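One structure is given here, and the rest of the page talks about it.
None of the values given here were measured: they were computed from a predicted structure. Below, all heavy atoms of this structure are taken into account, side chains as well, without hydrogens, waters or symmetry copies. Below, read A as the first sequence line, B as the second, and so on, with proteins coming before strands; counting in each chain starts at 1.
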Amino acid sequence: DIVMTQYPVSLPVTPGEPASISCRSSQSLLHSNGNMYVDWYLQKPGQPPQLLIYLGSNRASGVPDRFSGSGSHTDFTLRISRVEAEDVGIYYCMQGQQTPYTFGQGTKLEIK
Amino acid sequence: QITLRESGPTLVKPTQTLKLTCSFSGFSLTSSTVGGVGVGWIRQSPRKALEWLALIYWDDVKSYNPSLETRLTVTKDASKKEVVLTMTDMDPVDTATYFCVRTDSGPYLHDAFDFWGQGTVVIVSS
């Protein structure tokens with residue numbers, strides 16, 4: 001199985017400041033079609049996870065442009081340009097390269 | 001509007017079989033225009049770890065997590081818009097929230113889970 005490792009585990013952020021979450025995979029997530037098969041999800045308190053970013057850098061429908069994804073092969077980053085109060089929750093990366101699909105352990109973003 | 005809703009028992013005893021039903025609306029599981037539409041299951045442990053369990057696609061192709069494959073069965077009734085997950089030999093470590101999810105590899109080129117149910121809590125205890 002591909003292991004996904006996220007850091008930090010906890011991320012306190014002041015509103016208006018940027019935030020960054022890292023994710024490392026145990027194998028390259030570069031597909032033969034040139035895309036990175038990594039997605040990012042956000043689970044807000046009391047809600048199911050929601051798709052934020054797919055294929056490494058594409059925002060899902062309705063996701064604000066303050067969210068961006070980047071990275072290649074085994075190292076990926078989710079960035080929030082200016083954190084807002086509604087961004088609190090647990091962020092997960094997930095690899096879609098091969099089954100079983102696997103998730104990182106999550107990064108909990110909280111407001112300072 | 002796409003929605004998914006999980007239903008099933010909250011409490012099961014060790015060694016029993018769990019049956020969960022996902023009722024969905026707003027899309028079809030009888031055909032797919034481009035790529036592959038599917039419905040799957042993901043669970044979340046009390047410590048918030050996410051684990052992908054299984055998927056069934058519009059063409060009845062199925063995929064399972066190998067670590068649980070011997071215990072899992074996923075079926076669909078596309079006309080009723082339902083997907084059923086069966087998990088045998090339940091154990092306390094299977095205590096989790098079970099989510100029903102949709103995937104559509106058409107726009108995403110792979111299995112990205114763009115719609116989730118609210119989840120159903122399953123507790124395994126004697």
From the list A:Tyr54, A:Tyr37, A:Tyr101, the residue making the most non-hydrogen contacts under 4.5 Å with chain B is A:Tyr101
Notebook entry, point to check: Do A:Pro100 and B:Pro66 have side-chain heavy atoms sitting under 4.5 Å apart?
Noted result: yes
Item to complete: Kindly check if the number of other-residue, nucleotide or ligand heavy atoms within 6.0 Å of NZ (B:Lys62) is above 12?
Response: yes
| message | Quick one, B:Ile42 and A:Phe103 - any side-chain contact, counting heavy atoms below 4.5 Å? | response | yes
Assess the residue pair B:Gln44 and A:Gln43 against the criterion (side chain to side chain contact (heavy atoms under 4.5 Å, CB included)); give the C-alpha distance rounded to whole Å, side-chain angles, the decisive distance to 0.1 Å, and a yes or no.
CA-CA 11 Å; B:Gln44 185 171 41; A:Gln43 185 174 29; 2.7 Å; yes
Honestly, the part of A:Asn58 sitting under 4.5 Å from a heavy atom of chain B is neither
message: Between B:Val121 and B:Leu11, is there shared hydrophobic-cluster membership here, with clusters defined by ILVMFWY side-chain heavy atoms closer than 4.5 Å?
response: yes
By residue number, those in residues 91-98 of chain A with heavy atoms under 4.5 Å from heavy atoms of chain B are A:Tyr92, A:Met94, A:Gly96
Of B:Tyr108, B:Tyr64, B:Phe99, the largest count of non-hydrogen pairs under 4.5 angstrom with chain A goes to B:Tyr108
Is it true that B:Leu68 and B:Val124 fall in one hydrophobic cluster, defined by side-chain heavy atoms closer than 4.5 Å?
-> yes
d(A:Gln105 CD, B:Arg47 CZ) to nearest 0.5 Å is 11.0 Å
Determine whether A:Leu11 and A:Tyr41 fall in the same hydrophobic cluster, where Ile, Leu, Val, Met, Phe, Trp and Tyr are linked whenever their side-chain heavy atoms lie under 4.5 Å apart.
no
- Message: Applying a strict under-4.5 Å side-chain criterion to I, L, V, M, F, W and Y, I'd like to know whether A:Val83 and A:Ile53 cluster together.
- Response: yes
Residue pair A:Thr99 / B:Asn65, side-chain heavy-atom distance below 4.5 Å:
no
side-chain hydrogen bond (donor to acceptor under 3.5 Å, both in side chains) with B:His110: of A:Asn35, A:Asn33, A:Asp39, only one passes, and it is A:Asp39
A:Lys108 atom NZ, neighbour heavy-atom count above 12 within 6.0 Å: no
Honestly, the part of B:Leu53 sitting under 4.5 Å from a heavy atom of chain A is neither
Bottom line for A:Leu55: the part with an atom under 4.5 Å from chain B's heavy atoms is both
Next item on the list: Using the rule that two of Ile, Leu, Val, Met, Phe, Trp, Tyr join whenever any of their side-chain heavy atoms come within less than 4.5 Å, decide whether A:Ile90 and A:Trp40 are in one cluster.
Entry: no
Please check if the number of heavy atoms outside B:Arg71 that lie under 6.0 Å from its CZ is greater than 12.
yes
